[in-house]
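Have a look at the structure below, then the notes.
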Amino acid sequence: VEFFKWSGGVPGPFAEVSRQAIRRIRRIVLTDSYHDVRGGVALTPEGQALLADPSRTVNYVPHPAPLGTPVQEWVTLQFKMHRSEKQCNCLSAGIEDHASTNYAAMGSAFAFLAS
């Protein structure tokens, strides 16, 4: 799926297929994702809309706040991350350990996917 297009590039020949595929994606759950929209890759408009829609995309991140609390900044594997770099809804996984993020968020992640 052409979720990303290279900066300055033109969408490839499968651009319409990509748009259709992105429209069919109901929900995305990320756990402590290291994606960063600043680094040489630009999202297509459809990809931007998908990431930015909190009803469709969530990123559970290591943070001491209670599970599901929206967060703007967190530290993972000694790197400071910011919601603005992710351009998606970032919620606390209720733990501070990167390796435990999947397990800690599992119940909430499946509830989100089922909603």
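Position 1 is the first residue of the sequence; numbering continues from there.
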Check: S33/N59 side-chain N/O donor and acceptor closer than 3.5 Å: no

Contact summary for A104 and I95, nearest pair of heavy atoms: CB-CG1, 3.6 Å

salt_bridge(E73, K80) N-O dist < 4.0 Å: yes

Least distance between heavy atoms, P66 atom then S92 atom: O-CB, 3.6 Å

Stepwise side chain to side chain contact (heavy atoms under 4.5 Å, CB included) check, M81 with Y34: CA-CA 9 Å; M81 301 285 187; Y34 268 57; 3.4 Å; yes

Short side-chain to backbone donor-acceptor contact, R83 and C88, under 3.5 Å: yes

Spacing of I25 atom CD1 and E46 atom CD [to the nearest 0.5 Å]: 11.0 Å

V58-L67 co-clustered via ILVMFWY side chain contacts under 4.5 Å: yes

Shared hydrophobic cluster for M106 and Y60 (ILVMFWY, side-chain gaps under 4.5 Å): yes

Heavy-atom donor-acceptor pair, R27 side chain to A109 backbone, under 3.5 Å: no

H35 vs L51 side-chain heavy atoms within contact, under 4.5 Å: yes

Check: H63 side chain, L91 main-chain N or O, donor-acceptor pair, under 3.5 Å: no

Exam field: side chain T57 to backbone L50, donor-acceptor pair closer than 3.5 Å: yes

Under 3.5 Å donor-acceptor, S115 side chain and F112 backbone: yes

Spacing of L30 atom CG and T101 atom OG1 [to the nearest 0.5 Å]: 12.0 Å

Hydrophobic cluster membership, I22 vs I28, 4.5 Å side-chain cutoff: yes

Side chain to side chain, L113 and V29, heavy atoms closer than 4.5 Å: yes

